[in-house]
2 protein chains.
Amino acid sequence: MENAGIVRELPPPNVFDRMCPSRGVLEHVTSRWGVLVLGALLERGYRFSELRRRVSGVSEKMLAQTLQTLERDGFVRREAHPVIPPRVDYSLTPLGREAAELVAALAHWSERRVPEVAASREEYDARAAVTAP
Amino acid sequence: MENAGIVRELPPPNVFDRMCPSRGVLEHVTSRWGVLVLGALLERGYRFSELRRRVSGVSEKMLAQTLQTLERDGFVRREAHPVIPPRVDYSLTPLGREAAELVAALAHWSERRVPEVAASREEYDARAAVTAP
DNA sequence: CGGTATCCTGAAGGATACTG
DNA sequence: CAGTATCCTTCAGGATACCG
């Protein structure tokens, strides 16, 4: 007899379900700074301060926090070298590389579609201005 | 003579640049509810209240706000039918479909990788518990 | 039904200072 | 250099009420 007794099927992960853990995973990889950190590390490994310069606008605090979250999820590998001055290298794990390739595709798409989006916004705002009282 | 006088090359869009408009586009499509709305609309068109049920956890306010943002960016088409009771249909534009396919890939990936991420978190937390004072 | 308006709170996130 | 710690501000977002 298959699956006798206790064993139950778990429901398949579903991001549309509020309680599904997959939603948390998705929110980490699509987070404001998570996207950019993954995208940067796809190019190559970076040290902390290199990454801070590469991802313009991120604060030390948010970069550290984002890296910890990504490391905990298994996307980023952190290598601290016990030298003076301290040196810490960050790179992608194989799992992180998968995520990074998907977010990088989205990032490049966003770069390419800036003109269309800008045009759409102008049209929308012009139309709203007419409609408005 | 090409490009005589005034005309300058615009810098290519770069999401890593804090001032680049592509970053705003990326933040809209990767926003907490934007991702899920795009993903849902990739399946089929939805009415407002259908969408609210499909994207579990979203409030009316955030759904309305997200839909407006996506409509303004040219990703979502809004069709209001002047009937009683009111009926409004939302669907993807061709541009929105491109974005939705990319975010859906990320969403499905997140669903598939839940086990790996959960395992990584457990290991991380166990290691942190040992290291901690 | 499909919103908008208002109020309110918690979390995200920036600035600054400090440390191993 | 690579962070932590602290404080403080902003804002996403929830709850509620109301409207065409």
Side-chain angles (χ1 to χ4, degrees), chain A residues 18-19 23-24 26-37 40-41 45-73 76-91 124 127-129 131-133, chain B residues 18-19 23-24 26-38 40-41 45-73 76-91 124 127-128 131-133:
Chain A
R18 161 172 42 178
M19 304 311 293
R23 197 178 273 193
L26 183 60
E27 283 175 5
H28 285 176
V29 305
T30 60
S31 70
R32 182 173 181 198
W33 302 115
V35 173
L36 298 172
V37 167
L41 291 178
Y46 280 97
R47 300 179 54 174
F48 186 85
S49 50
E50 286 178 328
L51 209 42
R52 178 143 158 56
R53 283 186 292 274
R54 182 78 183 103
V55 179
S56 106
V58 70
S59 65
E60 285 192 359
K61 176 186 166 183
M62 289 314 301
L63 181 56
Q65 195 176 111
T66 300
L67 284 168
Q68 282 182 25
T69 300
L70 295 177
E71 186 194 1
R72 189 170 103 100
D73 283 1
V76 163
R77 173 173 36 238
R78 178 181 188 276
E79 283 175 293
H81 305 285
V83 297
I84 296 174
R87 175 188 180 99
V88 182
D89 291 324
Y90 291 94
S91 56
Y124 183 94
R127 178 158 293 279
T131 307
Chain B
R18 164 171 40 178
M19 303 312 291
R23 195 177 275 193
L26 183 60
E27 284 175 3
H28 285 177
V29 306
T30 60
S31 71
R32 181 173 180 197
W33 302 116
V35 173
L36 297 173
V37 167
L38 290 172
L41 291 177
Y46 279 97
R47 300 178 55 175
F48 186 86
S49 49
E50 288 178 327
L51 210 42
R52 180 143 156 56
R53 283 186 293 273
R54 183 77 183 105
V55 179
S56 108
V58 71
S59 66
E60 285 193 357
K61 176 187 166 182
M62 289 314 298
L63 180 55
Q65 195 174 111
T66 301
L67 284 168
Q68 280 182 27
T69 301
L70 295 177
E71 188 194 359
R72 189 170 101 100
D73 283 2
V76 163
R77 175 172 32 239
R78 178 183 187 275
E79 281 175 294
H81 305 286
V83 296
I84 297 173
R87 174 190 182 97
V88 182
D89 292 324
Y90 291 94
S91 56
Y124 183 95
R127 178 157 292 280
T131 307

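Each chain gets a letter, A, B and so on, in the order its sequence line appears, and its residues count up from 1.
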CA sep, side-chain torsions, deciding dist, call: A:R32, B:E27, salt bridge (Lys or Arg N to Asp or Glu O under 4.0 Å):
CA-CA 7 Å; A:R32 182 173 181 198; B:E27 284 175 3; 3.7 Å; yes
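Applying the 4.0 Å criterion to OP1 and OP2 of C:dG13, one finds that A:S59 has every side-chain N and O outside that range. A sub-4.0 Å separation between OP1 or OP2 of D:dG3 and a side-chain N or O of A:R47 is absent. Distances shorter than 4.0 Å separate none of the side-chain N or O atoms of A:Y46 from OP1 or OP2 on D:dC1.
Residue-level contact check: B:R52 touches neither bases nor backbone, having no heavy atom under 4.0 Å from any strand. Residue-level contact check: B:Q68 touches the backbone only, with heavy atoms under 4.0 Å from sugar-phosphate atoms and none from bases.
In this entry the distance linking NZ of A:K61 with P of C:dA12 reads 9 Å, nearest Å. Distance CD (B:E60) to P (D:dG14): 12 Å, rounded to an integer number of Å. What separates CZ of B:F48 from P of C:dT4 is a distance of 8 Å, to the nearest Å. Atom CZ in A:R87 sits about 11 Å away from atom C1' in D:dC1, given to the nearest Å.
Among the nucleotides C:dG3, C:dC1, D:dT4, the one closest to the side chain of B:P85 is C:dC1.
Nearer to the 5' terminus of DNA chain C, by closest-nucleotide assignment, is the contact made by A:Q65 (compared with the other of A:P86 and A:Q65).
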